[in-house]
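Since the structure is predicted, the reported quantities are computational estimates derived from the model, not experimental observations. All heavy atoms count here, side chains included; hydrogens, waters and symmetry mates do not.
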Amino acid sequence: MQSNMVKVSVQQQVQASRQQVLAELLDHVNLSRFFDAKFSLVRAQQAGAVTGGIGSQRQIKMLGTRFVEEILAADENGVSYKIVGDWPVKNHRGDIALSETEHGTTVVDYQIVCQAPWFIPSALLQYLLTKDVAKAMQRLAALYN
């Protein structure tokens with residue numbers, strides 16, 4: 001692992017089914033309810049894919065920058081996505097695993113791996129991303145809890 005690699009791991013329980021959580025995570029234009037950013041859909045999913053699923057691209061505007069994420073996989077087991085290009089971070093991949101408990105709640109296991117740019121210390125980027133994702137997942141849970 002390179003020294004500027006960043007790993008983020010956040011877990012959150014949500015009082016909702018995996019299908020409900022998946023629908024929220026793939027409702028790209030409304031993700032600003034959870035994340036402190038503006039989202040817009042720039043490309044719809046591939047034919048036959050779940051709404052907002054594989055092939056979808058969303059533009060994110062935050063902290064004076066904008067970038068595009070593409071959905072790589074999406075089903076009731078979770079969502080995987082990447083940032084298109086090398087800005088604002090390189091080799092970015094997000095994986096969100098969804099597992100349902102016997103009580104009907106969903107455990108959201110949100111993982112991000114990326115490379116910090118040379119001008120941002122990895123530890124700082126990891127802290128900021130973890131804080132942002134944790135806050136977003138708490139807001140998601142608050143919809144149902």
Asn91 and Val113, any side-chain heavy atoms less than 4.5 Å apart: no
pair Leu25-Leu98: side-chain heavy atoms closer than 4.5 Å: yes
If you look at every heavy atom in [X] and [Y], which pair is closest and at what distance?
X	Y	value
Ile60	Ala37	CG2-CB, 3.7 Å
Leu22	Gly78	CD1-O, 4.1 Å
Ala116	Val6	CB-CG2, 4.0 Å
Thr106	Ala16	OG1-O, 2.6 Å
Pro88	Pro117	O-CG, 3.6 Å

Could you work out, with side-chain hydrogen bond (donor to acceptor under 3.5 Å, both in side chains) as the rule, every residue matching [X], not counting sequence neighbours?
X	value
Asp109	Gln111
Arg66	none
Ser17	Gln20
Gln45	none

Where at least one partner belongs to residues 88-99, residue pairs that pass salt bridge (Lys or Arg N to Asp or Glu O under 4.0 Å), sequence neighbours excluded: Arg93-Asp95
Which residues pass the side chain to side chain contact (heavy atoms under 4.5 Å, CB included) test with [X], not counting sequence neighbours?
X	result
Asn145	Gln15, Ala141
Ser32	Phe39
Val29	Asp27, Leu41

Test item: side-chain donor near acceptor, Tyr144 and Glu24, under 3.5 Å: yes
For Tyr81, ring pair (Phe, Tyr, Trp, His ring centres under 6.0 Å) partners two or more places apart: His92
Less than 3.5 Å apart, which donor and acceptor atoms pair up between the side chains of residues 124-137 and the rest of the protein, not counting sequence neighbours?
unit_1 : atom_1 : unit_2 : atom_2 : d
Gln126 : NE2    : Lys7   : O      : 2.8
Thr130 : OG1    : Gln126 : O      : 2.7
Lys135 : NZ     : Asp36  : OD2    : 2.8

Members sharing Val68's hydrophobic cluster (side chains within less than 4.5 Å): Val42, Val84
Arg18: salt bridge (charged side-chain N to carboxylate O under 4.0 Å, His left out) partners, not counting sequence neighbours: Glu76, Glu100
